[in-house]
Protein chains: 2
Amino acid sequence: MSIRYAILGFLSWKPFTGYELKKRFADALSFHWAGTSNQVYGALLGLHKEGAVTIEVIPQEKLPARKVYTITQKGRDELKTWLLGDPDLPAFRNLQRTRLAWTADLSDDELRTILTHYVQRLSDQIILYREQLRRGEESPARSSREILIWKRLGEASLAGYESELAWIESLKTELGL
Amino acid sequence: MSIRYAILGFLSWKPFTGYELKKRFADALSFHWAGTSNQVYGALLGLHKEGAVTIEVIPQEKLPARKVYTITQKGRDELKTWLLGDPDLPAFRNLQRTRLAWTADLSDDELRTILTHYVQRLSDQIILYREQLRRGEESPARSSREILIWKRLGEASLAGYESELAWIESLKTELGL
DNA sequence: CAAAGCATGTAAGCAGTTACATGATTGT
DNA sequence: ACAATCATGTAACTGCTTACATGCTTTG
């Protein structure tokens with residue numbers, strides 16, 4: 001249950017190189033995943049071994065050869081099986097909230113500082129996120145349905161940060177800080 | 001950045017055994033953490049090595065000896081340093097949303113099935129969660145401030161599931177399913 | 001001239017999950 | 001009789017992150 005399927009997902013649009021996939025992951029903020037080369041290249045290796053993707057090596061004159069990965073029918077089947085599988089509940093791990101659980105003993109000043117910093121970080125993240133959404137997270141846009149889904153996915157991610165911000169601000173007020 | 005601090009947090013209330021801590025974690029739904037003995041006992045071992053906790057072994061006649069862990073001043077200092085440290089952004093990893101990203105090609109029936117199952121799982125989880133909140137997630141309730149914070153933490157967790165449910169239902173409607 | 005981008009990877013480690021192991025006691 | 005609770009742990013594995021390594025090209 002992991003990156004393998006997201007890779008297959010991207011490859012179901014069109015062939016990509018590992019490098020391009022890595023960028024896609026970094027850009028697709030709604031995945032909330034900081035995957036790096038390690039995982040991408042490793043997963044691609046595994047997918048190739050299983051026959052879920054084929055590799056075409058395209059030599060380049062001055063740069064390292066590009067390895068273009070193409071999904072096979074077997075890969076498409078695997079992707080579909082995953083899509084239709086049991087749904088996973090969201091994992092709302094929130095370290096900062098866990099922190100807040102133990103802050104009741106702190107002084108007003110200390111608690112206020114913590115809350116203010118958190119508000120700041122969330123606000124920064126929201127600005128960043130908004131900008132990236134505006135620039136347009138590239139979905140393949142092969143159908144109106146796909147466009148709608150990707151639009152809603154982007155919005156939902158942003159809404160997560162926004163509701164966290166609203167929550168922490170109202171908590172701050174309630175605490176008289 | 002992990003369980004160590006949550007353990008120190010609980011121990012800052014009063015001494016606990018590893019077993020009790022494990023249960024606390026399981027009960028504190030708002031932590032969204034399924035930590036098991038492995039991690040708890042391992043972390044306690046580490047904390048003891050560092051001198052953040054002391055151990056008192058209380059032999060029992062028929063059951064294994066209870067090891068009661070008490071936080072030291074060093075442990076309290078470490079906890080406080082963590083509390084005042086840089087805030088962490090929430091990690092909204094949502095595997096099901098990632099799945100949805102690749103579903104645009106599926107048939108109406110298939111997509112409807114996926115969405116319906118997800119709605120079902122979320123609804124079940126919400127019922128479970130509500131019940132557990134009602135039973136009362138035990139906070140130490142040493143002050144009105146602490147009571148408020150724990151109340152809001154519980155609510156926020158529930159709200160996460162509820163807004164996910166609302167989102168998926170409105171998406172379903174928009175997709176004409 | 002430095003930084004960012006293209007393009008591939010490796011190494012090491014932490015966090016967290018699942019499953020296993022032991023064994024007595026209490027509740028249904 | 002079976003399951004749950006008390007109470008300790010170990011083993012194996014997956015997923016993910018951080019940091020490193022190489023080397024050329026394009027942009028500011």
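Letters go in sequence order (proteins before strands), and every chain restarts at 1.
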Check your understanding: When rounded to the nearest 0.5 angstrom, what is the spacing between CZ in A:Arg76 and CH2 in B:Trp102?
Key -> 12.5 Å

Check your understanding: If the sugar-phosphate is the primed atoms plus P, OP1 and OP2 and the base is the rest, what is the B/S/- string for nucleotides 21-28 of chain C, using protein heavy atoms under 4.0 Å?
Key -> --BSS---

**Study point:** Value in whole Å for how far the C1' atom of C:dG9 lies from CD1 of A:Ile55
**Key:** 13 Å

Practice item. Can you tell me the distance, in whole Å, between the NZ atom of B:Lys23 and the C1' atom of D:dA7? Key: 11 Å

Exercise for review: Determine yes or no for a side-chain-to-main-chain donor-acceptor pair under 3.5 angstrom, with A:Lys74 supplying the side chain and A:Glu50 the backbone.
Suggested key: yes

Exercise for review: Evaluate the side-chain proximity of A:Ile168 to A:Lys172: yes if any heavy-atom separation is below 4.5 Å, no if none is.
Suggested key: no

Practice item. State whether A:Tyr41 places a side-chain N or O below 4.0 Å from either non-bridging phosphate oxygen (OP1 or OP2) of C:dG9. Key: no

Check your understanding: Between atom CZ in A:Arg4 and atom C1' in D:dT14, what is the gap in whole Å?
Key -> 12 Å

Revision key, fill the gap. Atom NE2 of B:His48 and atom C1' of D:dT8 are separated, to the nearest Å, by 16 Å

Check your understanding: Got a donor-acceptor pair under 3.5 Å from the side chain of A:Asn38 to the base of C:dT10?
Key -> no

Check your understanding: Is a side-chain donor-acceptor pair under 3.5 Å present for B:Tyr69 with B:Glu56?
Key -> no

Check your understanding: Is it true that the NZ or CZ of A:Arg152 lies under 6.0 Å from the centre of B:Trp167's six-membered ring and within 45 degrees of the ring axis?
Key -> no

Review point. Relative to the ring of B:Phe10, is the ring of B:Phe25 parallel (under 30°), tilted (30 to 60°) or perpendicular (over 60°)?
Key: perpendicular

Practice item. Could you list by number each residue of residues 8-20 of chain A showing a heavy-atom separation from DNA chain C of less than 4.0 Å, or answer none if no residue does? Key: A:Thr17, A:Gly18, A:Tyr19

Practice item. Give a yes/no answer on whether the side chain of B:Lys22 brings an N or O atom under 4.0 Å of OP1 or OP2 in D:dT8. Key: no

Exercise for review: Round to the nearest Å and state the distance from A:Ile58 atom CD1 to C:dT8 atom P.
Suggested key: 10 Å

Practice item. Look at the side chain of B:Glu146 and the backbone N and O of B:Arg142, then say whether any donor-acceptor pair between them is shorter than 3.5 Å. Key: yes

Practice item. Calculate the interatomic distance between A:Leu21 atom CG and C:dA7 atom P; express it in whole Å. Key: 13 Å

Would you give me the side-chain donor-acceptor pairs under 3.5 Å for residues 36-44 of chain B, sequence neighbours excluded?
none

Practice item. Tell me which of A:Arg93 and A:Gln60 sits closer to the 5' end of DNA chain C, going by the nucleotide each one is nearest to. Key: A:Gln60

Revision key, fill the gap. DNA chain D nearest-nucleotide lookup for B:Leu45 and A:His32: closer to the 5′ end is B:Leu45

Check your understanding: Side-chain donor-acceptor pair under 3.5 Å between A:Ser157 and A:Tyr129, yes or no?
Key -> yes

Check your understanding: Starting at CH2 of A:Trp33 and ending at C1' of D:dT17, how long is that distance when rounded to a whole Å?
Key -> 10 Å

**Study point:** Interatomic distance, A:Gln39 CD vs C:dG9 C1' [rounded to whole Å]
**Key:** 14 Å

